[in-house]
Amino acid sequence: MSVKTMTAAVNEAIDQEMARDERVFVAGEDVRVGGPFGTEAGLHAKYGDKRIVNTAISELALTGIGVGAAAVGLRPIIEIMIMDFVTVAMDQIVNQMAKMKYMLGGQATLPIVVTTHAGVDSSSAAQHSGSLEAWFCHVPGLKVLMPSNAYDAKGLLTAAIRDDNPVIFISNKRCLQTSCEVPDEPFALPLGVAEVKREGRDLTIVATGRLVIDALDVAETLAGQGISVEVIDPRTLSPLDMDTILASVRKTSRAIVAHEAVRTCGIGAEIAARISDEAFDYLDAPVKRVGAPFTPVPFAPLLEDRYLPGKAQILDAVREIGLTT
Amino acid sequence: MSVKTMTAAVNEAIDQEMARDERVFVAGEDVRVGGPFGTEAGLHAKYGDKRIVNTAISELALTGIGVGAAAVGLRPIIEIMIMDFVTVAMDQIVNQMAKMKYMLGGQATLPIVVTTHAGVDSSSAAQHSGSLEAWFCHVPGLKVLMPSNAYDAKGLLTAAIRDDNPVIFISNKRCLQTSCEVPDEPFALPLGVAEVKREGRDLTIVATGRLVIDALDVAETLAGQGISVEVIDPRTLSPLDMDTILASVRKTSRAIVAHEAVRTCGIGAEIAARISDEAFDYLDAPVKRVGAPFTPVPFAPLLEDRYLPGKAQILDAVREIGLTT
Amino acid sequence: MEITNEHMVRMLTQMLRIREFDERAARLMEQARVKGSVHLYCGEEAIGVGVCESLRADDYITSTHRGHGHLIAKGGDPKRMYAELFAKASGYNGGKGGSMHLAALDLGIIGANGIVAAGAPIALGVAFASQYQDNDRVTVCFFGDGATNEGAFHEAVNMAAILKAPVIFVCENNGYGEWSPTATQTSVADIADRAAAYGIPGVVIDGMDLAAVYEAAGEAVARARSGGGPSLLECKTYRFYDHVGRDFGVLQRDPEEIAYWRARDPILLWRNRLEELGVLSSTDADALHASVVGEMEAAIAWADAQPDPHPDALFTDVYTEPAA
Amino acid sequence: MEITNEHMVRMLTQMLRIREFDERAARLMEQARVKGSVHLYCGEEAIGVGVCESLRADDYITSTHRGHGHLIAKGGDPKRMYAELFAKASGYNGGKGGSMHLAALDLGIIGANGIVAAGAPIALGVAFASQYQDNDRVTVCFFGDGATNEGAFHEAVNMAAILKAPVIFVCENNGYGEWSPTATQTSVADIADRAAAYGIPGVVIDGMDLAAVYEAAGEAVARARSGGGPSLLECKTYRFYDHVGRDFGVLQRDPEEIAYWRARDPILLWRNRLEELGVLSSTDADALHASVVGEMEAAIAWADAQPDPHPDALFTDVYTEPAA
Ligand SMILES: Cc1ncc(C[n+]2csc(CCOP(=O)(O)OP(=O)(O)O)c2C)c(N)n1
Ligand SMILES: Cc1ncc(C[n+]2csc(CCOP(=O)(O)OP(=O)(O)O)c2C)c(N)n1
Ligand SMILES: [Mg+2]
Ligand SMILES: [Mg+2]
């Protein structure tokens with residue numbers, strides 16, 4: 001165990017899985033120098049051009065490298081630098097990678113991890129700040145992960161690399177520099193299993209990525225007011241671990257779902273719709289959603305601050321359901 | 001007034017708006033011969049190469065024609081033949097068209113209509129049967145339309161062409177050959193306004209595209225059993241007319257949301273989440289969602305039949321909320 | 001290049017099999033016994049056969065929406081192909097793919113594709129894997145003229161050139177993309193010229209001349225296999241029928257144009273050549289043709305009698321479950 | 001080509017303005033007074049200036065993430081540009097865009113772009129509109145060497161060639177895409193060779209030589225304006241600083257390489273030339289330089305004093321509301 005940033009944890013997971021399995025390689029833009037966030041730092045020196053494949057600025061082709069190579073037995077990690085850039089790789093992700101096994105009647109096995117970095121990050125503006133996980137959760141054939149801390153990041157990414165399915169692994173940028181104790185040895189967390197990050201009785205907050213940190217903050221604040229909040233991090237957004245979420249809501253009778261992505265049609269809509277349906281008889285208040293407003297991401301720090309959902313917005317939601325005044 | 005198919009109604013809307021406004025043009029693949037569904041039939045003969053622009057198989061470039069031309073004063077209609085092909089045009093739609101006005105601080109006005117054809121259609125299989133409207137409803141800056149009949153199609157498309165914003169106009173393929181009375185003169189329906197397709201007291205079904213037809217069938221069936229169903233077609237999926245939907249649910253106390261797209265993270269999740277939240281005190285039963293299962297679209301007609309949500313699935317949902325046994 | 005008599009006959013047989021397969025597929029579609037879109041390879045047989053005859057069994061191909069010919073040329077079994085068109089459980093894809101997604105991974109056929117040009121990035125990936133695994137397999141990427149206007153094509157060829165990946169890009173320039181003539185879509189007369197944008201060899205080939213295709217493909221394959229990197233082969237050919245099926249009636253093509261190309265039917269040309277060379281008598285050729293027809297009729301009968309997929313097949317193959 | 005003395009001096013001034021703008025932008029970013037990523041144009045000034053001096057005021061350009069130079073060259077006001085970098089309400093984009101989205105539609109500057117190569121399809125659309133509107137405006141599309149490996153570039157150039165759209169594709173080949181050398185990304189030594197894939201003229205130009213750029217751009221612009229269609233100009237240049245800002249320390253570049261290109265600083269070369277030609281004395285040149293420095297300092301002071309956007313600006317400009 002040692003304290004690691006999420007960046008370091010991601011790096012370590014890739015490194016250890018590459019060491020463990022010859023078939024694992026990384027392809028992406030500027031991965032040779034470690035990638036824009038340092039998640040591949042040092043790996044080129046260790047694994048060389050063969051396994052750290054520095055590609056042209058060609059997201060469609062580089063994703064295709066993953067699809068083709070996986071179809072014939074390799075285990076690619078495909079890095080799409082910034083999540084907004086998936087827009088130029090969607091065909092390979094959605095029409096090929098996600099559907100190939102099914103279209104081929106099961107002939108193909110596609111153990112691919114697509115890693116990317118999502119969300120707002122010091123005024124990167126409208127084309128470098130997107131959180132598009134909901135798109136991928138709408139696509140059968142893909143698994144979608146979004147860890148909120150270094151420990152989960154290492155465990156989930158390790159599991160993703162070992163998984164035989166295409167997995168989209170999303171680092172929320174504002175989590176990358178956070179750190180916690182992380183085992184030094186390789187370890188895998190199960191995919192599709194949510195974690196209760198804090199137990200509570202009065203309210204369930206289901207949060208993803210950076211909003212988990214905000215939700216834990218809120219829980220701490222509310223504890224001071226005698227309100228006991230349970231915080232759940234789904235970690236895997238597709239498939240969703242609704243059992244854990246529903247068990248919690250059946251206990252607390254109240255739920256808020258919070259993420260950084262635009263609220264409308266975000267993953268929070270799916271979670272809220274399912275809670276509202278499947279825990280209908282248990283709910284004492286409507287399920288509230290916290291997410292970004294329906295605007296592109298502005299550049300100005302002042303506007304970006306206002307744009308970003310966080311503690312204040314969660315507290316507003318708590319107020320709306322009548323837990324505070 | 002005369003009876004027209006939805007295909008003919010779309011064609012007429014484009015034709016009349018082109019006649020009315022010199023700035024309107026169509027760019028797309030094989031639009032010269034009328035497009036794959038005939039929505040541009042006859043237009044090339046009338047407007048020639050200048051205004052019916054038959055492009056290469058280059059969806060990204062052809063969408064860019066729309067963005068660039070709109071930025072300097074034209075009013076493009078961009079046809080993406082089949083909705084699955086938007087995957088190769090997403091950057092121009094999502095990062096450019098949708099965000100440009102905002103990123104530029106309001107300098108740009110982008111009156112673009114992207115037309116496309118969505119959904120399952122006689123064994124077109126996994127790459128030609130997609131319903132991806134939820135993706136676009138998650139993107140601020142876009143409006144998203146999906147008519148369910150010829151009348152609405154003409155009125156909405158006319159309004160879309162006259163609107164000063166980027167609009168995604170989606171024809172559900174299984175609606176194209178349905179017909180109804182449609183005015184011969186140009187007319188525009190307001191965007192963002194849902195329509196109550198049938199009034200009822202006991203249950204609200206919010207349905208889109210082809211599922212509106214199925215919902216009306218169900219309503220008829222249930223009327224025979226003394227159950228009165230209100231059917232609402234949002235028509236505009238972004239922005240959603242929640243007022244009409246909520247007014248209905250507050251009256252009926254029960255709601256089902258139905259669409260052809262994959263249920264998970266479909267637009268139904270957003271609608272159900274909002275109903276569950278905003279009509280919380282009025283609901284006598286959980287809001288149920290009908291949508292495609294979490295699988296790619298299979299080729300085999302037998303499997304495709306089972307895949308497609310329709311009357312049977314809506315009736316199941318009616319049963320689940322206890323209105324029938 | 002020396003081709004044995006036997007090989008010449010086998011190549012004729014392969015072309016005939018493709019032709020007869022697709023003529024029947026067309027009719028079955030017209031009769032609504034086959035659902036979905038069937039894109040016919042008729043007229044283009046010399047390309048699939050000439051190229052695949054240059055490959056080893058363990059080499060790979062990626063194909064297109066117009067893929068039946070590629071499959072047969074690479075060893076695909078018409079029985080299982082028809083079964084797939086009939087959406088039967090014993091079709092190559094278990095009935096879940098249909099014509100546009102036909103694949104046989106065990107034959108190195110990575111699959112047809114419903115997205116124009118999407119096979120190019122995938123072929124790049126397969127070829128990359130061969131370098132990575134240090135085997136000497138090559139990958140052929142088939143695609144149409146229209147596909148060369150998609151970004152995917154460009155990105156894949158560039159990366160293949162940089163990596164010197166063992167992939168051969170084979171363009172089947174049949175003069176049209178759907179109902180649009182190539183000249184209205186593609187800014188160069190010879191798509192082979194696009195090779196210059198990647199610093200790789202680009203060759204124009206008469207795609208109706210089996211020997212020419214076979215020879216050019218052989219060179220490109222040898223280059224790729226020996227580490228010389230990718231090539232672009234442009235095979236000039238013609239789509240005898242409409243974009244989908246035989247005649248949609250959407251596009252009026254010049255009858256003279258059709259007649260010109262029909263006279264250059266690759267099967268006719270090759271058969272004449274074999275007869276001229278004395279490899280095959282006209283009677284032998286007729287008998288061969290008849291036997292191919294018989295094979296296809298039998299394949300259809302077999303396929304037709306196959307069971308439907310289980311209705312629950314809808315839910316399988318979405319994910320790979322961990323081995324128990 | 002004859003260039004008047006006055007014009008020569010104006011071009012020097014423009015290059016100096018770009019250089020001094022960006023040197024300061026870099027420092028402001030280092031001081032965290034400017035947020036977000038600032039990609040410096042230092043070293044590439046002769047391209048923006050040489051090209052834009054060939055344009056009319058009503059012509060259009062599309063730009064890139066490395067776009068400050070293009071904006072100034074096309075008439076952008078440094079005051080409003082700094083105001084945008086400072087995220088002020090009077091910035092070109094009202095503070096909502098920042099460096100990567102700077103635009104001034106009234107000056108024909110369609111905008112910088114945060115997505116590599118995305119300007120190419122947009123430039124195609126703008127040029128298409130000029131044909132449609134039957135005016136004789138041309139559009140210049142600036143982009144980097146790395147951008148030529150994106151599918152968007154390929155699709156746009158092909159369609160532009162087919163339509164004979166009045167667009168000039170100007171590649172600024174600065175030897176790198178982020179931290180990757182061009183040779184590891186791009187499969188041809190001369191990107192101008194890619195023009196052959198579209199049947200359009202492709203020219204290699206010394207991008208450090210203002211006169212060379214100006215002359216080549218003039219020809220391409222004249223061709224486009226008179227209906228001759230698109231061209232591809234590859235300007236060989238060098239990124240004096242790192243990908244973002246001045247020095248990230250990620251990439252070790254060969255000091256000799258840097259020295260070689262620094263000696264070919266386009267401003268130095270042009271200033272020397274003007275001095276040699278007697279157009280400008282060294283004292284005059286120093287004075288000019290000093291006045292440009294003064295302009296930039298004043299622009300920063302002005303920009304810094306501008307008001308912030310109203311917090312509700314977050315919610316405006318998402319949609320165009322119908323006129324009341
Ligand atoms: C991305 C994408 N765009 C459009 C289509 C529709 N489409 C299917 S085949 C085809 C024409 C392809 O032309 P070409 O590449 O020349 O192949 P051919 O059919 O002539 O063999 C088109 C436009 C598609 N399937 N995918
Ligand atoms: C689609 C996309 N992929 C990747 C990036 C990240 N990125 C920004 S600039 C850049 C390098 C661009 O290189 P080049 O085109 O040569 O322009 P230069 O920066 O050298 O001027 C990259 C990879 C991006 N912005 N967009
Ligand atoms: Mg073709
Ligand atoms: Mg560069």
Side-chain angles (χ1 to χ4, degrees), chain B residues 28-38 40-41 44 49 52-64 81-92 120-130 262 264 292-308, chain C residues 32 34-37 65 84-89 91 93-102 112-118 144-154 176-182 184-187 243-244 248 250-252 308-319:
Chain B
E29 294 162 18
D30 284 305
V31 290
R32 195 177 55 84
V33 296
F37 297 94
E40 287 85 13
H44 184 263
D49 282 344
I52 299 293
V53 185
N54 203 69
T55 71
I57 312 175
S58 309
E59 288 79 6
L60 201 47
L62 100 87
T63 310
M81 211 176 252
I82 304 278
M83 193 157 204
D84 307 75
F85 310 163
V86 295
T87 49
V88 286
M90 288 303 275
D91 173 57
Q92 284 293 326
V120 165
D121 171 34
S122 50
S123 285
S124 295
Q127 293 175 336
H128 284 68
S129 303
V262 164
T264 306
F294 205 61
T295 82
V297 182
F299 165 69
L302 158 82
L303 302 178
E304 193 189 71
D305 269 4
R306 192 163 186 207
Y307 172 90
L308 257 186
Chain C
V34 163
K35 299 292 179 347
S37 299
H65 57 288
E84 186 60 31
L85 298 193
F86 284 142
K88 301 291 192 170
N93 305 29
K96 284 161 135 169
S99 170
M100 263 196 294
H101 307 298
L102 271 168
N113 212 308
I115 303 296
V116 169
D145 47 287
T148 70
N149 301 320
E150 284 281 2
F153 162 79
H154 175 72
Y176 292 86
E178 291 199 345
W179 304 286
S180 298
T182 306
T184 66
Q185 305 214 314
T186 306
S187 54
H243 172 58
V244 176
F248 257 39
V250 182
L251 182 78
Q252 301 299 334
D308 286 332
H310 189 283
D312 289 345
L314 173 61
F315 302 107
T316 58
D317 302 322
V318 183
Y319 292 97

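Below, chain A is the first sequence line, B the second, and so on; all start at residue 1. Being a predicted model, the structure only gives us computed values, none of them experimental.
With values rounded to the nearest 0.5 angstrom, B:I57 atom CD1 is found 5.0 Å from C:Q185 atom CD. For the atom pair B:Q127 CD and C:M100 CE, the distance stands at 7.5 Å (nearest 0.5 Å). C:K88 NZ to B:L302 CG: the interatomic distance, rounded to the nearest 0.5 Å, is 10.0 Å.
Residues meeting the ring pair (Phe, Tyr, Trp, His ring centres under 6.0 Å) test with C:F86, sequence neighbours left out: none. The side chain to side chain contact (heavy atoms under 4.5 Å, CB included) search around C:A152 returns A:L60, C:A117, C:P121, not counting sequence neighbours.
Taking both residues in full, the closest heavy atoms of C:S180 and B:N54 are given as OG-ND2, 2.7 Å, listed atom of the first, atom of the second, then distance. Across all their heavy atoms, B:V88 and C:E150 have their closest contact at CG2-OE1, 4.4 Å. Nearest heavy atom pair, residue B:A125 against residue C:G97, reads CB-O, 3.6 Å. Between B:P293 and C:L314, the closest heavy-atom pair is CG-CD2, 4.3 Å. Residue B:R32 comes nearest to C:W179 through the heavy atom pair NH2-O, 3.3 Å, listed as atom of the first residue, atom of the second, then distance. Between B:A126 and C:H101, the closest heavy-atom pair is N-NE2, 4.1 Å.
Ranked by heavy-atom pairs under 4.5 Å with chain B, the list C:T184, C:D308, C:N93, C:N113 is led by C:N113. Between chain B and the options C:T148, C:T186, C:T182, C:D312, the largest number of non-hydrogen pairs under 4.5 Å is found for C:D312.
For B:S122, the part sitting under 4.5 Å from any heavy atom of chain C is the backbone (N, CA, C, O) and nothing else. With a 4.5 angstrom heavy-atom cutoff, C:H310 touches chain B only via backbone atoms. Residue contact with chain C, scored on non-hydrogen atoms closer than 4.5 Å, is absent for B:T87. When heavy atoms are compared at a cutoff of 4.5 Å, B:F85 approaches chain C solely by way of its side chain, counted from C-beta outward.
Using a 4.5 Å cut-off on side-chain heavy atoms (C-beta onward), B:M81 and C:E178 make contact. Contact annotation: the side chain of B:F299 approaches that of C:E84 to within less than 4.5 Å [non-hydrogen atoms, C-beta and beyond].
At distances below 3.5 Å, not a single donor-acceptor pair connects side-chain atoms of C:N149 with backbone N or O atoms of B:S58.
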